[in-house]
Amino acid sequence: MMSSFTAVGMGELHFSARKNLACYALGSCVACAFYARHQKLGAIAHVVLPGPSPATNAQPHRYATNAVDALVEGMQEREIDPRECEIFLVGGAQVLHLAPLLINGQHIGQRNVQAVKEQLHKHGMSHYREDVGGSEGRTMRLDLHCGRVSVCRAGKEEVVL
Amino acid sequence: MNEFIMQSAVDQGLRKASGAFSTMIGMETKLSSQGWRQVGLNDMATLTGGIESMVVAVYVRFRGDIPGHAIFIFEPAVAEFLADAILGEVGEEHIRSSALCELGNVASSSILNEVADSTELAVYPSPPMIVTDMAGAILQAIAVSMAASDRQAVVLETTISIDDHPYSGHFLIVPDREDDGIRLGVLA
């Protein structure tokens, strides 16, 4: 069955109760998805950089800390306990070995994954399914109807997370 | 910078690369282009068949007066044909990869060196790397490394003609500073 997906671009955050969500061709970026099974509501943040956003930034959801906070708050605004959501992390690869992508010797993908996890822990959330790291790009799809999260690595078959 | 100076530098670079390709491949080979145009990095992936499409990319970082990124992008089937042309239908995967990497490197450095010579600006290319992945993931790495979500790039649609068989590729230059591209007359 064909189903359509709304693309969540770099630095964006989408909540959806109707349309399926996807993050295409994640490299060092990390897709952090929350899924509330009873309400069939999902959200994905497409995190680009670790750390909190500088105050002047027009796109605060590019940053791990702000993105996770916004996911948590967005669920609470919809009267959903975020700790009851299923959480998925995908991405954080090192596709190109570029010097500007290193922070204190760690590549930016690793740092993104770490930063998202740290912020989740601060909110008391330590259970998540993940497919992170490595050197290949990935696409993540979240099917809202059944809560199925699939990951497709570059040139490989899709797998269910 | 006069656009004609850039055009003749690019043409000269393509000619030099053609000479080097002919030597590598051992057959009359020509690298040509219809000229350049400006494309946003985010739209670049649509030229290669979508952000999830697999591509083979030879990447060169260059530093100096006009720092930036140069990438030669091929469809995987074209990459296979080119590797066959250089090596014959043999060779282990890593040898085929490094032959292709050298081909992309020769093209990039021929064009960059001509641009540097005609503008009297210093351009220092770093060693090339080759990667096969989703077009979007590769271009994303470049955008993230510049702390930008989108950037304007200069694209040359290229054709490599080997023994009259044309193989197409995209040659992409992304200056670190958009001002440099404007100054050189390649970005608006």
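What's counted below: heavy atoms across the whole structure, side chains too, no hydrogens, waters or symmetry copies. In what follows, chains carry the letters A, B, and so on, assigned in the order in which the sequence lines appear, proteins first and then strands, with residues in each chain numbered from 1.
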(message) Show every ring pair (Phe, Tyr, Trp, His ring centres under 6.0 Å) that has at least one partner inside residues 13-59 of chain B, sequence neighbours left out.
(response)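 Sorted pair list: B:Y59-B:H69.
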Mark yes when over 12 heavy atoms from residues, nucleotides or ligands other than [X] sit less than 6.0 Å from its [atom1]; otherwise mark no.
X     : atom1 : value
B:F81 : CZ    : no
A:K40 : NZ    : yes
B:E28 : CD    : no

(message) Please find the pair of heavy atoms, one from B:I51 and one from A:A25, that lie closest to each other, and give the distance.
(response)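 Scanning both residues, the minimum pair turns out to be O-CB, 3.5 Å.
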(message) Could you check whether any side-chain N or O of B:Q140 sits under 3.5 Å from a backbone N or O of A:L26, counting only pairs where one atom can act as donor and the other as acceptor?
(response)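 Not confirmed, B:Q140 side chain does not pair with A:L26 backbone.
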(request) Test A:L96 against every option in B:L139, B:I138, B:I71, B:D133 by the side-chain contact (heavy atoms from CB on, under 4.5 Å) rule and name the one that passes. (result)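 The passing option is B:I138.
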(message) side-chain contact (heavy atoms from CB on, under 4.5 Å), that's the test. Do A:V95 and B:M134 meet it? Break it down for me.
(response) CA-CA 9 Å; A:V95 173; B:M134 296 176 184; over 6 Å; no
